[in-house]
Amino acid sequence: TNNIDKASGKIAGSTRLAQFDYGVMSLEVVGLGSAQNFKGTGLNKVCKHALLNYLFSELEFERITFCVESSNTRSRKAVLKLGATEEGTM
């Protein structure tokens with residue numbers, strides 16, 4: 001999915017989902033990205049909250065795993081701010 005800034009119509013970021021397992025209702029978020037000029041604005045957090053709400057509430061997923069490079073501390077912190085729990089790094 002792409003996060004679109006309504007004011008400018010520009011792509012502000014994107015999220016990629018993968019590894020859907022409907023047997024246990026889980027999936028992975030394998031890409032979290034914000035365009036440089038939107039970093040730090042809070043837009044990514046709002047979009048991720050909306051996406052998580054949809055995945056948990058509407059589609060009834062029970063587990064969502066975020067895959068973030070261990071060296072990407074900014075993204076790791078952003079995921080933790082969403083309420084995720086860090087279970088390990090690779």
Side-chain angles (χ1 to χ4, degrees):
T1 63
N2 289 326
N3 306 332
I4 307 295
D5 177 48
K6 288 183 180 180
S8 66
K10 294 183 179 182
I11 295 176
S14 64
T15 303
R16 289 176 300 287
L17 307 176
Q19 302 299 326
F20 291 83
D21 185 337
Y22 295 104
V24 293
M25 292 306 289
S26 69
L27 62 83
E28 291 181 4
V29 177
V30 295
L32 304 167
S34 292
Q36 190 64 36
N37 54 328
F38 289 98
K39 288 187 179 193
T41 65
L43 180 61
N44 189 45
K45 184 176 181 179
V46 170
C47 291
K48 296 304 181 274
H49 271 293
L51 176 62
L52 291 172
N53 183 57
Y54 178 73
L55 291 170
F56 282 122
S57 300
E58 300 296 322
L59 299 183
E60 299 180 351
F61 276 89
E62 296 178 13
R63 181 175 177 84
I64 298 171
T65 302
F66 287 85
C67 299
V68 181
E69 291 280 337
S70 60
S71 62
N72 189 341
T73 55
R74 184 179 188 136
S75 288
R76 288 173 59 202
K77 287 180 183 178
V79 170
L80 293 174
K81 286 181 183 179
L82 292 172
T85 302
E86 187 172 74
E87 295 181 348
T89 58
M90 296 173 77

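These values consider heavy atoms only, across backbone and side chains, with no hydrogens, waters or symmetry-generated copies. Count residues from 1 along the sequence.
Counting heavy atoms of neighbouring residues, nucleotides and ligands inside a 6.0 Å radius, atom NZ of K81 does not exceed 12 of them. Around CD1 of I11, the count of heavy atoms belonging to other residues, nucleotides or ligands within 6.0 Å does not exceed 12.
If you chain together hydrophobic residues whose side chains sit under 4.5 Å apart, V79 and V46 never meet in one group. Under a hydrophobic-cluster definition in which Ile, Leu, Val, Met, Phe, Trp and Tyr are linked whenever side-chain heavy atoms come within less than 4.5 Å, directly or via other members, V24 and F61 are assigned to different clusters. Cluster annotation: F56 and L82 are assigned to the same hydrophobic cluster (Ile/Leu/Val/Met/Phe/Trp/Tyr, side-chain heavy-atom contacts under 4.5 Å, transitive). Both F66 and F20 sit in one connected hydrophobic cluster of ILVMFWY residues. Membership requires side-chain heavy atoms under 4.5 Å apart, directly or through other members.
Atoms CD and OG1, on Q19 and T65 in that order, are 10.0 Å from each other to the nearest 0.5 Å. Rounding to the nearest 0.5 Å places CG of L55 at 12.0 Å from CD of E60. Summarising the geometry, atom CG belonging to L51 is positioned 7.0 Å from atom CD1 belonging to I64; distances are rounded to the nearest 0.5 Å.
Counting only heavy atoms from C-beta outward, the side chains of L17 and V29 approach each other to under 4.5 Å. Contact annotation: the side chain of L80 approaches that of E86 to within less than 4.5 Å [non-hydrogen atoms, C-beta and beyond].
Between E28 and C67, the closest heavy-atom pair is OE1-SG, 3.5 Å.
With sequence neighbours left out, the salt bridge (charged side-chain N to carboxylate O under 4.0 Å, His left out) criterion links E62 to no other residue.
Hydrophobic cluster membership for L43: F38 (Ile, Leu, Val, Met, Phe, Trp, Tyr linked by side-chain heavy atoms under 4.5 Å, directly or transitively).
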